[in-house]
Amino acid sequence: MKNIACMFYLKIQTKDGPFLEAPRRVLVECPTWAIHSTLALRILHAWARDHPWPQRGTPVAVAIFIPLAELKGSLSNYVAKELLPKGPSNPFAGGFGGFNSAWNSLSSLKAKLLFVLDGYDTPRGSPKRKGKNLPADVIDLLEGRLFPDARIVVLSVATNCSDLLPMMQRHVTYEGLTWGRSASLLGGGQWGAPTRLLDTVQQYPALRSAVRTTLGCLAIASIYESNGGDLPTEEIDVVESVINCVGSESSANNAAELGRLALFSLKTHRSSVTTSEIRMYCSSPDSTILGCLEKAPLFGRTAKRKGESQFMAVCAGVTEFLAASYLASLASRPGLLAAEIAGLSLGDEIDAEMLKILTFSMSLLGSRAHILLSKLTPLWLSPQTIFSLAIAGGESDTNLNALCDLLGISKSPPVSPLEMRPIWVQIRSTPTELRGWGMALKSPSCTLRNLELAYQMEKNTIHDSRNGMDHFLDALVCNDSVTTLRISSLIEIDAKETEIGYLANCVAKALTKPKLESFELILTLLEEDPPVLKLQAVVSALCRSIPRQPKLSSLLLDLGLCTSQLVQLCSILEKCPQITRVSLPHLRCERGAVGALAALLTNRPITSLALPSCWGARDDPPSSSGVSMGSGSGSSTGTSGLIKQSSLTGAPSPRSYPPGLFSSLPRGVLPPPSSMGRSATLPRQPIECPPDKRSSDSVVSSKPWYPTPACEGGPHNSGTLHDLFLTIREPYSRLNGLDLSKAQLSLEDAMCLGETVRLSTTLHSIKIEGASRLSEILPSVLGASESPCLQMMSIGSPRLALEDGAIAMSARALANCSTLKLLSIEGWSFRIESATSLSALRAFLSFTSIRELGLSNCRLHLPIFKSDSIPLSNYECRSVVVIKISGAQVILGDHTILRGPQLLPYIGGFPCLRELDLSAPARSGLGGTTSPPLIMDDKCVITFFQCLHLQFR
């Protein structure tokens, strides 16, 4: 202590000389179980015994100790009336100017004056004292207005000194006895086997924390002797053993009474209690339970006259354990228990001390921990906290049911089927979450159906992490409610084969779960160019386990599969008739892989196939900008040469068209003569548009027919999906849904897909979302006009912009699809400059059979209209009952933008409309926008409700 006290006021020395000057103000942070008044006395003892003090620099001539807990007035008044003796022993009793004169003269000492302020955290007149509740002269002393050159040492509990830090120049943390001092106390020889004792204490953090105080060392040594060389290792067992050692033969009632006082002190952020408070709370102030508190003196004359003292815990965790004992005693009084639990919440999340109280309470209650668990609320407890408490309470059936109730996955109370939504729960692979969710899955009342495990390979805590994973998988295998399981993981660059092998074993074990209907595995390799067979162990585990799962019907595998691995999986899936839905995102579509998928569709009745973001299927170069905006985008590669001569099997003569039929050339620019075929010299159809319109728009807009997409046969020169599409349109195919969102489709593959949509008799739904070029989706749109069974088409993309020609063609094709019930073109941009295009759209709305229309985040440019001349609802569509136009915008010729509720007057032509979405633009996702929010004035609001009343009754 002597050396530590001297270091408070020494310069920091380096090889180049003094680096920092000696501080004027020092803050000493103490733990809640440390008697910091004793620390203050040791500092003063070092000053009184060793002169000069400190040994270097300016020595201290006068040291004044101020216990702030006893301060009721000014500093000078307390020193004169409480610390100085009365009578002849008072040095100022004989005159010589008196005490006030001596106090005022202290400023002349400057750096030779030392103030030691103890108990800054102690309440004074309020449940929790702040610095502003201190006397004015104490604040002046801390802020440097009183005795500005004096040295100050402030001792406080760490949780209550944050407002002091800006005023301090040095910050010291007191952590109790050093390990060398603790070892000397533990190894005295009379308890035997000191080496084994020291090794055990040093190995476990709970024991190491207990021996940071003198009484804690003596208690641990006594426990070691009485238990024959055995020591508890868990924190609650260590604290309970210490309390039983120092407070033996005390009743549970006495412990609960003292625990009530301990809980009050923790709520008010106090580290000590007084004698009067013990008399107030405890019916037996002389009970042996007080042995778990260490007595510290008070220094004022008034406190000594009243026999007051202050008490602190003998070691860490004692105060929290006593408070937990009090909460556990309230198990038979649920109302009072709920009130005490509500008082623990002081913000969005409880602090560490309150969490320790709840954890100890759950352990003490054991099988009755559900009583306490049912009083908690997830609003101020994180899932991690809830799981740590549940683990402390144990795995009794009532505790597990209470945990499910708290997580909201219990059968009670029952939820109406109309209010039920699929809940997805994501579990991180931390030991606490794995064990906590494992407990929830073991409950018979668990109703969780959708579960995602975010597996992360932990290298630092691999043992605990794998134990938690084994516990979770054991619980998952025994669970009956989960039907959909997703496992995702990031495979680091330096992942070892053993780690991937363990992941493969986890996947295999998860697939043994009964009643598993849907399984998703998403593994992302962080390596730029990983080995082809790096995940072969996982693929082999899948091939072993999938045939053993009779209920599995849906499978998603995102593993970066190579062709040989896909062939291996498809050969296994051919033996699994129960699997009807397959999804393979980010698949490299080499010809061997496509052949394996085609063989799978031939041999098994797969009803849904998803290949989102598949790549390697398009070899033709993209546009110069990387994104083609269709008609009007300024790129001739987007749809140039889309319809070839041999692909017009369903169109009347002539059977060939100029390569620029769907081109994106600017107005007035024709394809070069060398690229124009025989059909370029044919007479054109009558032109109904103004003479400034492009000829291609005129041809498309005026003709009552449109070209039919057809495949020239395989294999394609610029794509690899011919075999797959050919299999889908065969009569024996059972495929109902196809997802090619964000897939790289070559022009030939797109044409082949269009013919598949046109000819297939089983394909009910198709998704081609996120397309970058109009040529990727236009063949499918045209093929839908002759489809006998297509019911859903989702082709939304924020990258596509259509002008008159493509708009009229698409509208006529979709109007002829009598089976189509749902159409989503979210994010599209339209530019209409021709009245013929408007006529085509009105015809589409009149003849379509679509029930739900998705236009979210679409942009419609109408330069031919202004805000005062836009026609109202001069159309009628009786089939559409649901319209989603959230974030949609209409831009008029005078740059007026209509969106949200402003669009309501112009959609009155839907008399059968039942659901309308006019919400704000989405900030992310497909077609997301960053446009400013719409602010509606009074006129807009009144117009909105008037239209709603008149048009939608």
Side-chain angles (χ1 to χ4, degrees), residues 4-11 20-29 36-37 39-48 50-85 90-92 96-122 124 129-156 160-161 163-172 299-301:
I4 294 177
C6 290
M7 289 176 61
F8 288 168
Y9 292 103
L10 293 181
K11 300 177 182 180
L20 289 177
E21 293 296 327
R24 298 293 184 188
R25 294 170 179 81
V26 177
L27 172 63
V28 181
E29 284 190 11
H36 37 78
S37 61
L39 178 60
L41 292 178
R42 290 181 177 179
I43 295 174
L44 295 173
H45 177 70
W47 164 76
D50 303 321
H51 185 78
W53 187 93
Q55 297 177 358
R56 290 193 297 243
T58 303
V60 174
V62 176
I64 300 177
F65 173 59
I66 305 295
L68 297 178
E70 305 176 48
L71 192 64
K72 300 184 183 299
S74 64
L75 288 173
S76 59
N77 182 69
Y78 177 78
V79 173
K81 294 185 177 181
E82 296 291 335
L83 294 184
L84 293 179
N90 190 330
F92 303 102
F96 305 103
F99 174 79
N100 291 334
S101 177
W103 179 264
N104 294 330
S105 66
L106 290 177
S107 58
S108 62
L109 295 176
K110 295 185 178 181
K112 295 182 180 181
L113 178 62
L114 171 65
F115 282 96
V116 180
L117 306 181
D118 175 39
Y120 179 81
D121 58 294
T122 307
R124 179 179 175 272
R129 188 180 71 178
K130 300 289 186 181
K132 61 183 180 180
N133 295 325
L134 288 170
D137 55 350
V138 176
I139 297 177
D140 292 341
L141 178 64
L142 292 174
E143 295 181 352
R145 291 187 293 269
L146 179 64
F147 305 124
D149 297 324
R151 301 176 179 182
I152 302 172
V153 176
V154 182
L155 292 93
S156 175
N160 292 336
C161 60
D163 54 336
L164 276 177
L165 294 177
M167 297 181 286
M168 297 294 111
Q169 297 171 341
R170 184 165 295 178
H171 184 193
V172 179
F299 302 94
R301 188 181 302 117

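When reading the values below, keep in mind they use all heavy atoms of this one structure, side chains included, and skip hydrogens, waters and symmetry mates.
- The closest side-chain heavy-atom distance from L75 to W103 is below 4.5 Å.
- The side chain to side chain contact (heavy atoms under 4.5 Å, CB included) test with L134 is passed by exactly one of I139, L71, L117: I139.
- Between the side chain of R25 and the backbone N or O of Q169, no donor-acceptor pair lies under 3.5 Å.
- One finds the CD atom of E82 at 8.0 Å from the CG atom of N77 (value rounded to the nearest 0.5 Å).
- When all heavy atoms are compared, the tightest approach of A40 to F65 is CB-CE1, 3.6 Å.
- Within the structure, side-chain hydrogen bond (donor to acceptor under 3.5 Å, both in side chains) pairs that include any residue of residues 109-119 comprise H36-D118 (at least two apart or interchain).
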Test log, rule side-chain contact (heavy atoms from CB on, under 4.5 Å), inputs V79 and F99: CA-CA 10 Å; V79 173; F99 174 79; 3.9 Å; yes
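- Put simply, the side chain of V138 does not reach to within 4.5 Å of the side chain of F115, judged on heavy atoms.
- A donor-acceptor contact shorter than 3.5 Å is absent between the side chain of W47 and the backbone of A63.
- Between G73 and P135 the shortest heavy-atom distance is O-CG, 3.2 Å.
- Residue pairs meeting the salt bridge (charged side-chain N to carboxylate O under 4.0 Å, His left out) criterion with at least one member in residues 136-150, sequence neighbours excluded: D140-R145, E143-R145.
- R151 and T58 make their closest contact through NH2-O, 2.9 Å (heavy atoms, listed as atom of the first residue, atom of the second, distance).
- Using a 4.5 Å heavy-atom threshold, the side chains of I64 and L113 count as touching.
- Rounded to the nearest 0.5 angstrom, L109 CG and L114 CG are separated by 11.5 Å.
- Atoms CG and CD, from L164 and E29 in turn, are 9.5 Å apart once rounded to the nearest 0.5 Å.
- To the nearest 0.5 angstrom, F147 atom CZ is 7.5 Å from L141 atom CG.
- In this structure Y78 satisfies the ring-ring contact (aromatic ring centres under 6.0 Å, His included) test with no other residue, sequence neighbours excluded.
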